Trainee: 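Dropping the structure in here first, questions after.
Fair warning: this is a prediction, and the values are worked out from it, not measured in the lab. Here is how names work: the chains are called A, B, and so on, in the same order as the sequence lines, proteins then strands, and each is numbered from 1.
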Number of protein chains: 2
Amino acid sequence: MASPSPLPRLRRSTLGDDVYETITALIMEHTLAPGDRINIDALARQLEVSATPVREALARLESDGLVRKRALAGYAVSPLLTRAEFMEMFDMRLVLEGAAARWAAARAGTDTKQQILREATDIVAPAPEGADGWPAHAAFTKLDAQFHQLIAGAAGNPLLRDGIARLHAHLHIHRLYFPFAQMGTTAQEHQRIALAIEAGDEQQAETAMHDHLNRARERHLAAFG
Amino acid sequence: MASPSPLPRLRRSTLGDDVYETITALIMEHTLAPGDRINIDALARQLEVSATPVREALARLESDGLVRKRALAGYAVSPLLTRAEFMEMFDMRLVLEGAAARWAAARAGTDTKQQILREATDIVAPAPEGADGWPAHAAFTKLDAQFHQLIAGAAGNPLLRDGIARLHAHLHIHRLYFPFAQMGTTAQEHQRIALAIEAGDEQQAETAMHDHLNRARERHLAAFG
DNA sequence: CTAGGAAATATCCTATAGGATCTGAATATC
DNA sequence: GATATTCAGATCCTATAGGATATTTCCTAG
């Protein structure tokens, strides 16, 4: 037997890391709903840890923008976006994801481009068991996020990828409040983006991404009454 | 006497907030240099606080990207950017600050536009006491950052402003390692940006900002050998 | 019934203590 | 001399305790 590859490090995380991930998930799943006060002591009891790692996790989440701190009064989940904030976020998406599409068209390798095309196609048939309504919507939302995340990664700039991820975390929290997606229309929009990226056409990729985002914005605006 | 306006809240921050700001300043001033290990206990002793608010401040700074954590081994100041990272950061600046210039041209009010013009002019005479060399460089760097920050604010999108601020924090850490600025050239570039913004010419504002950033990139590349 | 104040309780924040793990120096082995 | 092992001390992480502050509840006066 040749020399074995080194064993993977068994553990390089702490309780604080676990708590951070747990709280993030609680927020994403709306167990901690937007605007909710976060009771540190109660949460620590539920998680069966002391308040110390909970506080540290919340400090990180504050800088992530997912929670807000009021000194001496504790933390709360960041509220749902106002209509104005929603518009600002889409403006920012236009800037960042437009650039991501452009750079992906310029830089992505063949394998990645094929994967982007596959993801654009997969979105049409998201529900594996003929599910309908909310489960279909959830599956679609997940695939939509994967598609955008894939392009963000394909752009080849970690700062851009992280910036888009931050926006998507906020967007994800809002998914319960958005109207059910129009999957056919979105799929076509995704495919136009993917085809432009595959063709290496930077300008067309950006235009298609802008088109998609602007239409998504209009679709989502119904949630703001 | 009409009803008095409510008195300002006397204090709405905690020791942890103070520690966060102190550590940020230590990093910005290179008292904690890039790559340095951060000894939590020693730092807590120096600051005459317990380790608790220090750990919380570091948790926030981790999410800010200014420090990195290695579980069970503690924190270190994020290292200086590699050449590749520096290039990625400038690509990101082109995207974000290009958009900021465009939006500022479209949205800024007359007062703000005048202020932008003033700041572009002020950068020519940064040293109040005929100082030379490093103090002039420091003063220039500060005014340069103010100019960019002003435009980011004038863009009217808080997400964009925050994104640019994050980039600038990283850039600021590197200022000790960059060549002395060519103030005359930079002033001209700033003025071109400011004039385009004042004129409300979005495209020209973005082009001028791109031009400025690309030239700044070239000037700074000497620091990478 | 409403408003204001006081008291009780809960929560937040920080210091301290202690166990787990890491780091670096000293020592042993080849 | 180079490398591996051991060990002591330092450091990190988390739990606990206690004081400060905020929030909630209760009571009283108008």
Trainee: Run the side chain to side chain contact (heavy atoms under 4.5 Å, CB included) test against His212(B) and tell me which residues pass, sequence neighbours left out.
Mentor: Asp144(B), His148(B), Thr186(B), Glu189(B), His190(B), Ile193(B), Met209(B), Arg219(B)
Trainee: Near DNA chain C, under 4.0 Å by heavy atom, which residues of residues 51-62 of chain A?
Mentor: Arg55(A)
Trainee: For Arg215(A), which residues count as a side chain to side chain donor-acceptor pair (under 3.5 Å) partner, sequence neighbours excluded?
Mentor: Asp211(A)
Trainee: Specify the separation, in whole Å, of atom CD of Glu48(A) and atom P of dT14(D).
Mentor: 16 Å
Trainee: Distances under 3.5 Å only, N/O to N/O: pair up the protein atoms with those of nucleotides 7-9 of chain C.
Mentor:
none

Trainee: What donor-acceptor contacts under 3.5 angstrom involve side-chain atoms of residues 18-25 of chain B, with partners at least two apart or in another chain?
Mentor:
{"from": "Asp18(B)", "atom 1": "OD2", "to": "Arg11(B)", "atom 2": "NH2", "distance (Å)": "3.2"}
{"from": "Tyr20(B)", "atom 1": "OH", "to": "Asp64(B)", "atom 2": "OD2", "distance (Å)": "2.4"}
{"from": "Thr22(B)", "atom 1": "OG1", "to": "Asp18(B)", "atom 2": "O", "distance (Å)": "2.8"}
{"from": "Thr24(B)", "atom 1": "OG1", "to": "Tyr20(B)", "atom 2": "O", "distance (Å)": "2.7"}

Trainee: Sequence neighbours excluded, which residues qualify as ring-ring contact (aromatic ring centres under 6.0 Å, His included) partners of His30(B)?
Mentor: Tyr177(B)
Trainee: If you assign each of Ala71(A) and Ala71(B) to its closest nucleotide in DNA chain D, which residue comes earlier from the 5' end?
Mentor: Ala71(B)
Trainee: Please enumerate all residues that pass salt bridge (Lys or Arg N to Asp or Glu O under 4.0 Å) together with Arg45(A), with sequence neighbours excluded.
Mentor: none
Trainee: Which side-chain N or O atoms in residues 160-169 of chain A pair as donor and acceptor under 3.5 Å with protein atoms at least two apart or in another chain?
Mentor:
{"from": "Arg166(A)", "atom 1": "NH2", "to": "Ser63(A)", "atom 2": "O", "distance (Å)": "3.2"}
{"from": "His168(A)", "atom 1": "NE2", "to": "Glu97(A)", "atom 2": "OE2", "distance (Å)": "2.8"}

Trainee: With the criterion being N/O to N/O and under 3.5 Å, what pairs connect the protein with nucleotides 9-11 of chain D, and how long is each?
Mentor:
{"from": "dT11(D)", "atom 1": "OP1", "to": "Asn39(B)", "atom 2": "ND2", "distance (Å)": "2.5"}
{"from": "dT11(D)", "atom 1": "O5'", "to": "Asn39(B)", "atom 2": "ND2", "distance (Å)": "3.3"}

Trainee: Would you find a donor on one side and an acceptor on the other, under 3.5 Å apart, between the side chain of Arg12(B) and the backbone of Ala71(A)?
Mentor: yes
Trainee: Taking salt bridge (Lys or Arg N to Asp or Glu O under 4.0 Å) as the test, write out the residues that go with Glu62(B), two or more places apart.
Mentor: Arg60(A)
Trainee: What's the OH-P distance between Tyr75(A) and dA10(C), to the nearest Å?
Mentor: 23 Å
Trainee: Could you state the atom-to-atom distance from CZ of Arg70(B) to C1' of dA20(C) in whole Å?
Mentor: 15 Å
Trainee: Glu29(A): what forms a salt bridge (Lys or Arg N to Asp or Glu O under 4.0 Å) with it, not counting sequence neighbours?
Mentor: Arg175(A)
Trainee: Kindly list each side-chain donor-acceptor pair under 3.5 angstrom involving residues 107-115 of chain A, sequence neighbours excluded, with atom names and distances?
Mentor:
{"from": "Arg107(A)", "atom 1": "NH1", "to": "Ala155(A)", "atom 2": "O", "distance (Å)": "3.0"}
{"from": "Lys113(A)", "atom 1": "NZ", "to": "Ile197(A)", "atom 2": "O", "distance (Å)": "3.4"}

Trainee: Tell me: CG of Asp18(B) to C1' of dT14(C), nearest whole Å?
Mentor: 13 Å
